[in-house]
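This one's a predicted model, so the numbers in the text were calculated from it and none came from an experiment. A note on names: the letters A, B, ... follow the listed sequences, proteins ahead of strands, and every chain is numbered from 1.
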2 protein chains.
Amino acid sequence: MSILNMPFKALSDPTRRKIIQMLKERDMTAGEIAEHFNMTKPSISHHLNILKQAELVIDERKGQNIYYSLNTTVFQEMVNWFFNITDKKGGSIGEED
Amino acid sequence: MSILNMPFKALSDPTRRKIIQMLKERDMTAGEIAEHFNMTKPSISHHLNILKQAELVIDERKGQNIYYSLNTTVFQEMVNWFFNITDKKGGSIGEED
DNA sequence: TAGATATTTAAATAATTATCTAAATATCTA
DNA sequence: TAGATATTTAGATAATTATTTAAATATCTA
């Protein structure tokens, strides 16, 4: 299975895409993120975990809070996937996904 | 709900991503596509339908066959979504998703 | 150390999605 | 028009995913 499978699955959920866009503006704690949704904290925690497993975000504890921030590396790889589709026939060789 | 929701959901499945990559190389009939998978034709038909609803592919009947081909428009919009994430803080205004 | 705050983990349930078999539709050809 | 081929649609089931409540863990502070 492609390494991009988890990130693609992670971004298929609108709540998680919104979280990503919030983190684009600034790093935030789990609690701050949860405040923006009509959803319990455990649900947001679950979504954050999926984003983390997909390596789309990084978490770091600072005291009582856990800060979440974007990890742009995998986003770059996803952009490459789309480029490969959008580009003319043939494209790069050795692509996995 | 964002207009990108369906395409994101559509691309979260590895079978559908593989179909997209096959169609990048050349247009194919539903039957040709199905031959590449360990899956029944109705299952592939279901996946093609999801890709079609997401406007990632176009279908056109030619005689007994139905040819599928890429519709790159939505891919472009998805690339823009990723650019917006990858770019520096702020980014373009008026983004919906 | 006890209590308060922040967050996650666990367990259950509801909702969504993928897959199959069987049947239907559309087209071609003899 | 009857039979063959290509594909989809319908209906059922299994698997996955999202969500909730309740409980657990980690950290801070009085």
Side-chain angles (χ1 to χ4, degrees), chain A residues 1-23 26-71 97, chain B residues 1-23 26-71 97:
Chain A
M1 176 62 63
S2 157
I3 197 169
L4 287 185
N5 197 49
M6 288 179 73
F8 266 114
K9 279 231 186 302
L11 292 180
S12 72
D13 183 278
T15 299
R16 293 194 289 262
R17 285 200 305 280
K18 193 173 171 199
I19 291 173
I20 291 296
Q21 294 202 298
M22 289 164 53
L23 294 180
R26 63 179 181 87
D27 298 353
M28 296 176 83
T29 68
E32 287 175 326
I33 293 167
E35 281 172 9
H36 288 75
F37 295 93
N38 251 342
M39 204 175 287
T40 63
K41 284 174 193 210
S43 295
I44 294 298
S45 186
H46 158 79
H47 286 303
L48 288 170
N49 189 249
I50 286 170
L51 290 170
K52 197 167 80 175
Q53 284 180 242
E55 297 186 69
L56 292 168
V57 304
I58 293 164
D59 66 335
E60 184 184 5
R61 180 179 279 276
K62 282 182 182 164
Q64 283 168 304
N65 301 302
I66 298 180
Y67 278 85
Y68 283 87
S69 58
L70 287 189
N71 177 14
D97 198 30
Chain B
M1 176 63 62
S2 158
I3 197 171
L4 288 185
N5 197 50
M6 288 180 74
F8 266 114
K9 278 232 187 301
L11 293 180
S12 71
D13 183 278
T15 298
R16 292 194 287 263
R17 286 200 304 280
K18 193 172 172 199
I19 291 173
I20 291 297
Q21 295 202 298
M22 289 163 55
L23 294 180
R26 64 181 180 84
D27 297 354
M28 296 176 83
T29 68
E32 287 175 324
I33 293 167
E35 281 171 9
H36 289 75
F37 295 93
N38 251 343
M39 206 177 285
T40 63
K41 284 175 192 209
S43 294
I44 294 297
S45 185
H46 159 80
H47 286 304
L48 288 170
N49 189 248
I50 286 170
L51 289 171
K52 197 167 80 175
Q53 284 181 242
E55 297 187 68
L56 292 168
V57 304
I58 295 164
D59 66 334
E60 185 184 4
R61 179 178 281 276
K62 282 182 182 166
Q64 281 168 303
N65 301 301
I66 297 180
Y67 278 84
Y68 282 88
S69 58
L70 288 189
N71 176 13
D97 199 27

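In this model, the phosphate group of D/dA6 is not approached by any side-chain N or O of B/Arg61 to a distance below 4.0 Å at OP1 or OP2. Under 4.0 angstrom from either OP1 or OP2 of D/dT8 there lies at least one side-chain N or O belonging to B/Ser45. Contact between the side-chain N/O atoms of B/Asn65 and the OP1/OP2 oxygens of C/dT27 is not found at any separation under 4.0 Å. Within the 4.0 Å cut-off from OP1 or OP2 of D/dT20, at least one side-chain nitrogen or oxygen of A/Thr40 is found. The shortest distance between the side-chain N/O atoms of A/Tyr68 and the OP1/OP2 oxygens of C/dT8 is below 4.0 Å.
B/Gln53 has its CD atom 11 Å from the P atom of C/dT17, to the nearest Å. Atom pair B/Lys52:NZ and D/dT8:P shows a separation of 7 Å (rounding to whole Å applied). Between the NE2 atom of A/His46 and the C1' atom of C/dA14 there is a distance of 13 Å, rounded to whole Å. Between B/Ile19 atom CD1 and D/dT7 atom P the separation is 13 Å, expressed in whole Å. Rounded to whole Å, the distance from NZ on B/Lys41 to P on C/dC20 is 13 Å.
Looking at the side chain of B/Arg16, the nearest of the listed nucleotides C/dT21, C/dA18, D/dT21 is C/dA18. Distance from the side chain of A/Gln64 is smallest for C/dA6 among the nucleotides C/dA6, D/dT19, D/dA6. The side chain of B/Thr29 has D/dT7 as its nearest neighbour among D/dT8, D/dT7, C/dA6. If you check C/dA18, D/dA18, C/dA22 against the side chain of A/Ile50, the one that comes closest is D/dA18. Closest to the side chain of A/Pro42, from the set D/dT8, C/dA18, D/dA22, is D/dA22.
Under the Watson-Crick and G-U wobble criteria, each requiring two contacts below 3.5 Å, nucleotide D/dA30 is paired to C/dT1. Searching all strands for a Watson-Crick or G-U wobble partner of D/dA10 with both distances below 3.5 Å returns C/dT21.
Judged by distance alone, with hydrogens and angles left aside, the side-chain atoms of B/Arg17 form a donor-acceptor pair with the main-chain N or O of B/Leu11 at under 3.5 Å. The closest donor-acceptor contact from the side chain of A/Asn71 to the backbone of A/Glu55 lies under 3.5 Å.
Of the two residues contacting DNA chain C, namely B/Lys9 and A/Asn49, the nearest-nucleotide position lying further toward the 5' end is that of A/Asn49.
Partner B/Leu51 forms a side-chain contact (heavy atoms from CB on, under 4.5 Å) with one of B/Leu56, B/Ile58, B/Leu70 and no other, that one being B/Leu56.
A salt bridge is absent between B/Lys41 and B/Glu35; no separation between the charged side-chain nitrogens and carboxylate oxygens falls under 4.0 Å.
Contacts of A/His47 with the nucleic acid, taken as non-hydrogen atoms under 4.0 Å apart, involve only primed sugar atoms and P, OP1 or OP2.
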